[in-house]
Amino acid sequence: MAGLSDQTDTAVEPATTGVTVRDGVELAWQTYGTGPRTLLLLPTWQIFDSRFWKAQVGYLSRHFRVVTFDGRGTGASGHPTGASAYSNDECAADVTAVLNATGTERAVLVALSCAASWAIQTAADHPDRVDGVFALSPSCGVSVSQPVRDAHAFDERLDSTQGWAKYNRYYWTEGDFADFRDFFFHQMFTEPHSTKQLEDALRWSEQTDPQTLVDANLGRLGCDGVVCRSIDEAAQRVTCPVLVVHGTDDRVRSDAVGRRIAELTGGRLVLIEGGGHGLMSRSPVQINRLIHEFATSACAPVIGSTDRPTEPTTWTFAPSRRRRVLYLSSPIGLGHAARDLAVVQELRRLEPDIEVDWLAQHPVTRVLEAARERVHPASAWLASESTHVEHESGEHDLHAFQAIRRMDAILVHNFMVFQDLVADEHYDLVVGDEAWDVDYFLHENPELKTFNFAWMTDFVGWLPMPDGGPEEAALTADYNAEMIEQRARFARVRDRSIFVGSPEDVVPDSFGDGLPQIPDWMGKNFDFAGYVTGFDPAALPDRAELRHQLGMPQDERVCVVTVGGTGVGRPLLERVLDAVPLARRAAPDLRFIVVTGPRIDPRSLPRRRGVNVRGFLPDLYRHLAASDLAVVQGGLTTCMELTAGRRPFVYVPLRHHFEQNFHVRHRLERYGAGRHLPYEEAADPDALAAAVLTELDRVVDYRPVETDGAARAAAMLAELL
């Protein structure tokens with residue numbers, strides 16, 4: 001069931017899955033959510049399976065029951081042969097079969113491209129089953145010509161292999177099908193910076209064989225003796241509400257088709273200026289909101305019919321409202337939570353009457369709960385970014401840039417959670433500490449910003465790893481260029497951009513070929529708070545007293561080993577445990593405290609003499625300050641806590657993690673802090689033990705770390721209140 005089970009393409013898990021068989025063809029379906037009305041997200045042309053709805057399923061399933069299925073000829077469904085198996089009548093009958101199989105009496109049908117024909121036929125033939133039709137970029141056989149496509153007869157062998165001449169059965173089966181797919185998806189995604197959408201479509205379409213696509217097109221177009229009913233006639237029989245959404249730069253089917261469908265059905269038309277054919281992927285927030293609005297309106301009589309009393313709505317006169325802050329703290333590493341708490345504490349000193357809510361997910365919630373902060377209940381709807389990162393990781397290897405790219409469905413899902421929250425409740429200020437989803441989609445949809453917004457980060461600039469070659473360099477440059485363009489066009493989205501550090505901490509690199517130098521651009525676009533440690537080293541007891549408070553032996557040396565808030569660091573913990581016997585043989589007084597964090601079970605690690613394995617420690621910085629040495633990943637927060645505490649440490653950056661290898665390493669070298677050890681060396685127990693013993697008694701001379709970063713950041717935020 002490849003089409004339905006690829007975890008990298010999902011933000012939520014299905015509630016139920018199943019397969020129904022109609023006339024010998026299996027149809028694999030899934031349901032999500034338990035809302036009072038069902039949305040059936042139809043499949044589309046057989047060039048790929050139902051994963052193209054990945055940016056819609058998570059959000060819509062919080063409000064409706066959602067059903068998806070792989071269309072015949074795709075994914076986990078059956079792959080019949082012959083044109084007659086793919087007629088519009090057959091595909092429309094599949095819609096009814098899935099409604100029956102999932103126990104759905106009525107549904108709103110949401111259709112992309114040629115699936116609009118199947119939705120229209122179903123609505124015309126079974127009006128008692130369809131509450132509404134949402135037709136996105138319809139590509140129906142209505143009475144509208146499209147000369148560029150119509151000039152090339154699909155069933156004739158052509159000499160030309162340029163442009164839409166590639167839309168030819170012989171070019172697919174005898175020519176270069178991969179080249180056609182590349183051409184077609186570039187016509188589908190015409191918007192700039194669509195590299196991820198193109199990558200997804202090409203990856204999904206690898207499972208499509210040329211002959212299936214030929215059969216599907218012949219059946220849909222009424223060739224090889226297949227009889228096609230008139231879509232114009234069916235459209236005129238539709239009695240339910242219809243909403244047609246079409247991009248004005250759709251190069252697959254022009255918006256003339258959408259206009260005609262709206263005219264024939266008496267439906268409403270929404271044009272997306274400059275939008276292409278794949279709006280569900282390229283403009284997911286807007287499409288999600290349009291589907292929700294339409295489905296809510298179409299289903300209003302059903303949703304409103306309930307015996308339960310209506311909950312009262314409360315509105316507070318604006319001048320009487322308490323000032324409220326919504327804080328978003330990145331779950332990728334617990335360091336964000338520590339520094340964000342420090343900033344909030346300083347902000348409360350400046351503005352004692354503010355009310356702070358946190359929109360956060362595990363493991364950040366562990367830190368917030370320990371600090372008795374209010375985690376907003378909407379946080380329960382967030383999809384786990386940490387789980388995704390762990391799924392993406394290898395042995396001490398995390399391609400951070402690609403992991404973020406492949407987290408796109410989760411980012412859409414989590415932004416929609418955020419958007420629902422700020423639409424329902426008022427906030428004077430939203431602070432996003434590397435909340436990539438909120439920052440990106442607010443720039444894509446600036447009209448949604450109804451609050452002051454502050455963006456915080458400790459690095460700026462996606463950087464390619466050397467072994468990624470020219471392709472990765474081009475991708476990172478494209479992402480950087482999009483960010484630069486967003487900031488230039490919609491500077492008003494961020495009321496404050498705060499860099500957690502000093503200008504000297506910025507990597508002296510370029511955003512990419514033809515793009516600005518990162519320090520130059522940041523000097524014009526960011527305020528610098530200095531580093532935020534999350535604690536004041538001067539407020540700690542002396543090391544002897546601190547060790548006594550923590551139960552550390554006074555007559556032994558202690559090495560603390562920690563790998564952050566995800567499960568990605570497990571291999572490094574295991575390598576350290578392999579090196580422990582060697583290190584203790586040379587230094588018998590050396591003991592190890594291995595901190596697994598909140599996402600690794602301490603009981604799952606092997607036991608070693610001289611090792612104390614601990615789980616989540618909310619006051620980890622105290623253990624680091626009391627240690628004689630630490631072995632850590634290359635995460636900025638832990639390394640800077642050790643730098644502030646003036647403790648020797650060995651840091652082992654995750655392979656392919658551009659932030660740890662470039663941004664963090666540059667900053668640590670500026671402070672003269674820590675010893676960098678590549679994982680290839682750390683994986684050798686002898687080399688790792690030797691590094692531990694060498695650094696154990698090192699006398700450090702680090703550059704002092706700022707102690708007023710939290711106060712400076714809070715003062716910048718207070719100005720927005």
Side-chain angles (χ1 to χ4, degrees), residues 331-335 362-363 366 386-387 389-398 400 550 552 557-585 587 590-624 626-639 641-642 647-657 660-661 664 674-693 695-696:
I332 310 301
L334 287 177
H362 190 272
R366 287 285 300 273
S386 294
T387 299
V389 166
E390 291 163 3
H391 178 77
E392 289 276 330
S393 65
E395 182 180 339
H396 204 72
D397 194 344
L398 174 65
L550 296 174
M552 289 185 180
R557 291 177 290 181
V558 176
C559 176
V560 175
V561 185
T562 181
V563 292
T566 71
V568 176
R570 182 187 181 92
L572 179 58
L573 296 183
E574 293 172 341
R575 299 294 80 77
V576 171
L577 291 172
D578 291 340
V580 163
L582 299 174
R584 281 176 47 79
R585 191 175 304 153
L590 179 59
R591 298 190 64 82
F592 289 79
I593 298 176
V594 174
V595 183
T596 64
R599 295 185 66 85
I600 300 174
D601 185 351
R603 297 168 298 181
S604 67
L605 293 176
R607 298 174 65 87
R608 293 284 187 273
R609 186 181 297 275
V611 176
N612 181 17
V613 180
R614 306 286 298 275
F616 171 63
L617 293 177
D619 58 349
L620 176 62
Y621 70 92
R622 289 165 54 85
H623 291 75
L624 295 175
S627 70
D628 295 281
L629 176 71
V631 178
V632 299
Q633 268 181 196
L636 179 63
T637 302
T638 304
C639 290
E641 287 176 349
L642 288 160
R647 307 313 308 144
F649 64 97
V650 176
Y651 67 99
V652 187
L654 289 165
R655 293 180 289 184
H656 293 103
H657 195 304
Q660 293 187 5
N661 283 279
V664 176
R675 172 178 172 177
H676 171 257
L677 187 69
Y679 182 71
E680 289 73 16
E681 296 181 31
D684 177 0
D686 290 305
L688 181 54
V692 167
L693 294 170
E695 299 302 313
L696 187 58

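Separation of atoms CG (Asp628) and SG (Cys559) is listed at 9.0 Å; rounding is to 0.5 Å. Rounding to the nearest 0.5 Å places CG of Leu590 at 8.0 Å from CG of Leu629. The CG atom of Leu572 sits 7.5 Å away from atom CG of Leu688, with the distance rounded to the nearest 0.5 Å. Atom CZ in Phe592 sits 12.5 Å away from atom CG in Asn612 (nearest 0.5 Å). A distance of 8.0 Å separates OG1 of Thr562 from CG of Leu617, quoted to the nearest 0.5 Å.
Within the 3.5 Å criterion, the main-chain N or O of Pro653 finds no donor-acceptor partner in the side chain of His676. A donor-acceptor pair under 3.5 Å links the side-chain atoms of Asn661 to the main chain of His657, judged by distance alone. With Glu695 contributing its side chain and Pro648 its backbone, the two residues share no donor-acceptor pair below 3.5 Å.
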> Could you walk me through whether Val563 and Val568 pass the side chain to side chain contact (heavy atoms under 4.5 Å, CB included) check?
Replying inline: CA-CA 8 Å; Val563 292; Val568 176; over 6 Å; no

> Yes or no on side chain to side chain contact (heavy atoms under 4.5 Å, CB included) for Ser604 and Ile600, after CA distance, side-chain angles and deciding distance?
Replying inline: CA-CA 8 Å; Ser604 67; Ile600 300 174; 4.2 Å; yes

>> If you apply the rule side chain to side chain contact (heavy atoms under 4.5 Å, CB included), what do you find for Val561 with Ile593, and how did you get there?
In response: CA-CA 6 Å; Val561 185; Ile593 298 176; over 6 Å; no

>> Let's go through Arg614 and Val594 carefully: what are the C-alpha distance in whole Å and the side-chain angles of both, what is the deciding distance for side chain to side chain contact (heavy atoms under 4.5 Å, CB included) to 0.1 Å, and is it a yes or a no?
In response: CA-CA 6 Å; Arg614 306 286 298 275; Val594 174; over 6 Å; no

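Shown here for Ala691 and Val650, the closest heavy-atom pair between the two residues is O-CG2, 4.3 Å. Taking all atoms of both residues into account, the shortest heavy-atom contact from Leu693 to Ala583 is CD2-O, 3.8 Å. Taking each heavy atom of Pro571 and Gly394 in turn, the nearest pair found is CG-O, 4.4 Å. Nearest heavy atoms, Gly615 versus Pro602: CA-CG, 3.7 Å. Closest approach of Pro606 and Leu577 over heavy atoms only: O-CD1, 3.7 Å. When all heavy atoms of His623 and Val560 are compared, the closest pair comes out as O-CG2, 3.8 Å.
At a threshold of 4.5 Å between non-hydrogen side-chain atoms, the residues His396 and Arg570 do not count as touching. In this structure, the side chains of Arg655 and Glu680 come closer than 4.5 Å at one or more pairs of heavy atoms. When side chains are defined from C-beta on, Thr596 counts as touching Leu605, because their heavy atoms get closer than 4.5 Å. Contact of the His656 side chain with the Leu398 side chain is not registered, since no non-hydrogen atoms from C-beta on lie closer than 4.5 Å. Two residues are said to be in side-chain contact when any heavy atoms from C-beta on lie closer than 4.5 Å; Pro598 and His362 meet this criterion. Inter-residue side-chain proximity for Phe616 and Pro363 is flagged as unmet; no heavy-atom pair is nearer than 4.5 Å.
Looking only at atom types and distance, the side chain of Ser627 has no donor-acceptor partner in the side chain of Arg557 under 3.5 Å away. With no hydrogens or angles considered, a side-chain donor-acceptor pair links Thr387 and Arg599 at under 3.5 Å.
Scanning for side chain to side chain donor-acceptor pair (under 3.5 Å) contacts around Glu395 gives Tyr679, with sequence neighbours left out. Arg603 pairs by the side chain to side chain donor-acceptor pair (under 3.5 Å) definition with Asp601, not counting sequence neighbours. Residues that satisfy the salt bridge (Lys or Arg N to Asp or Glu O under 4.0 Å) test with Arg647, not counting sequence neighbours, are absent from this structure.
None of Asp619, Val595, Thr638 except one satisfies the side-chain contact (heavy atoms from CB on, under 4.5 Å) rule with Leu624; the exception is Thr638.
Asp578 and Arg608 are joined by a salt bridge, as a carboxylate oxygen and a charged side-chain nitrogen come within less than 4.0 angstrom of each other.
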